Amino acid sequence: MFDNLTRRRDEEERIRSEGRLPPGQALTQKFPVLHYGPVPRFDPATWDLRVWGEVEEELRWSWDEFNKLPRSSVAMDIHCVTRWSKFDTSWEGVSLKTLVDEGLIKLTKDANFLLQHAEYGFTVNVPVEVALADNFLFATHFNGEPITPDHGYPLRGAVGHIPGRDELESPYFWKGAKWLRGLEFLKEDRLGFWEQAGYHNRADIWKEERFSR
Ligand SMILES: Nc1nc2c(c(=O)[nH]1)N[C@H]1C(S)=C(S)[C@@H](COP(=O)(O)O)O[C@H]1N2
Ligand SMILES: [Mo]
């Protein structure tokens, strides 16, 4: 117990000295679970991911089809607005940038925002440039294993900070929806679930954009 505490503090000091600990955050070696509402069940036979709004063609991928899309992986530090940070997490899944570059999703010129739609009507909004960046992934795997049900199985948005890539806007972790089922591209911004509840629209971890009021 005492050893763990010392190890956590030493680790936090190392991360801080590397400039990777945002203001007001603390290092955790656990992986807390945070969400509103129940954990949905996954049925591979009925699951789909729909894409609509500011796209040239609406799309619907079944679970089998989704698993044939080109795959990417990214290592990031993730930062929860409730002040825990988890470092060197690795994620695997599908990147919006790749889907757009390969013409698998064709955005219109008016696609300015992405609204992620999750089970039970949960939503979260980000500017499309944030979703197109290297630090944003539609993730199926965390640290080499399928994401667990309470962390968003089978698919979640994952966003964080890539060490050394300070030019990328890095939002708090809530900007990734767990149990993702739809991607709606919008011309005008529309606030998601937590944003409507008073959380910050942009949510930059370095500027401590936690709440909007
Ligand atoms: N579907 C859904 N996704 C969600 C949420 C939620 O309530 N529902 N909460 C967000 C919040 S507030 C956080 S901090 C992260 C937490 O992810 P974790 O439980 O894997 O740590 O998920 C985000 N994604
Ligand atoms: Mo959160």
Side-chain angles (χ1 to χ4, degrees), residues 8 21-43 46-51 63 66 73-94 96 113-127 130-131 133 135-161 169-184 190-213:
R8 194 201 70 79
L21 190 70
Q25 296 293 114
L27 177 146
T28 181
Q29 283 153 336
K30 307 190 182 95
F31 191 175
V33 171
L34 282 134
H35 56 261
Y36 176 80
V39 174
R41 287 179 55 117
F42 168 60
D43 179 355
T46 57
W47 186 95
D48 61 6
L49 182 71
R50 298 203 313 117
V51 183
W63 180 238
F66 185 82
S73 55
V74 61
M76 309 187 280
D77 301 336
I78 55 177
H79 303 285
C80 181
V81 70
T82 62
R83 300 182 182 273
W84 56 263
S85 294
K86 192 168 175 63
F87 294 86
D88 300 306
T89 63
S90 65
W91 301 88
E92 199 188 298
V94 171
L96 180 62
F113 298 92
L114 167 62
L115 192 65
Q116 301 164 67
H117 289 260
E119 302 282 0
Y120 303 128
F122 179 88
T123 53
V124 55
N125 59 314
V126 287
V130 168
N135 56 339
F136 190 100
L137 198 65
F138 302 127
T140 58
H141 286 66
F142 167 75
N143 286 356
E145 301 284 342
I147 290 171
T148 57
D150 47 356
H151 287 296
Y153 181 77
L155 183 67
R156 74 171 297 163
V159 64
H161 175 250
E169 193 170 310
S170 298
Y172 289 108
F173 194 46
W174 94 75
K175 289 290 187 177
K178 308 200 278 192
W179 314 295
L180 189 60
R181 291 294 300 277
L183 308 177
E184 182 181 10
R190 200 190 299 159
L191 297 183
F193 179 88
W194 292 113
E195 291 78 9
Q196 287 174 40
Y199 283 82
H200 202 283
N201 196 17
R202 187 172 49 196
D204 187 307
I205 57 168
W206 302 110
K207 297 182 182 137
E208 279 207 83
E209 291 173 337
R210 299 175 193 274
F211 308 103
S212 63
R213 50 185 146 84

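Note that ligands are numbered from 1 as they come in the structure, with each ligand's atoms numbered from 1 the same way. Source: prediction; values computed, not measured.
Relative ring orientation between Phe31 and His151 is described as parallel, the plane-to-plane angle staying below 30° on a 0-90° scale split at 30° and 60°.
Between the side chains of Thr123 and His117, no donor-acceptor pair is found at a separation under 3.5 Å. Side-chain contact of Trp47 with Glu119: a donor-acceptor pair under 3.5 Å is absent, judged by distance alone.
The two residues Val130 and Pro171 have their closest heavy-atom pair at CG1-CG, 4.0 Å.
Sorted by chain and number, the heavy-atom contacts of ligand 1 below 4.0 Å come from Phe31, Pro32, Val33, Leu34, His35, Tyr36, Cys80, Trp84, Ala118, Phe122, His151, Arg156, Phe173, Trp174, Gly176, Ala177, Lys178, Trp179, Trp194.
Remark: the backbone N or O of Asn201 is not paired with any side-chain donor or acceptor of Glu195 at under 3.5 angstrom.
Here His200 pairs with nothing under the ring-ring contact (aromatic ring centres under 6.0 Å, His included) rule; sequence neighbours left out.
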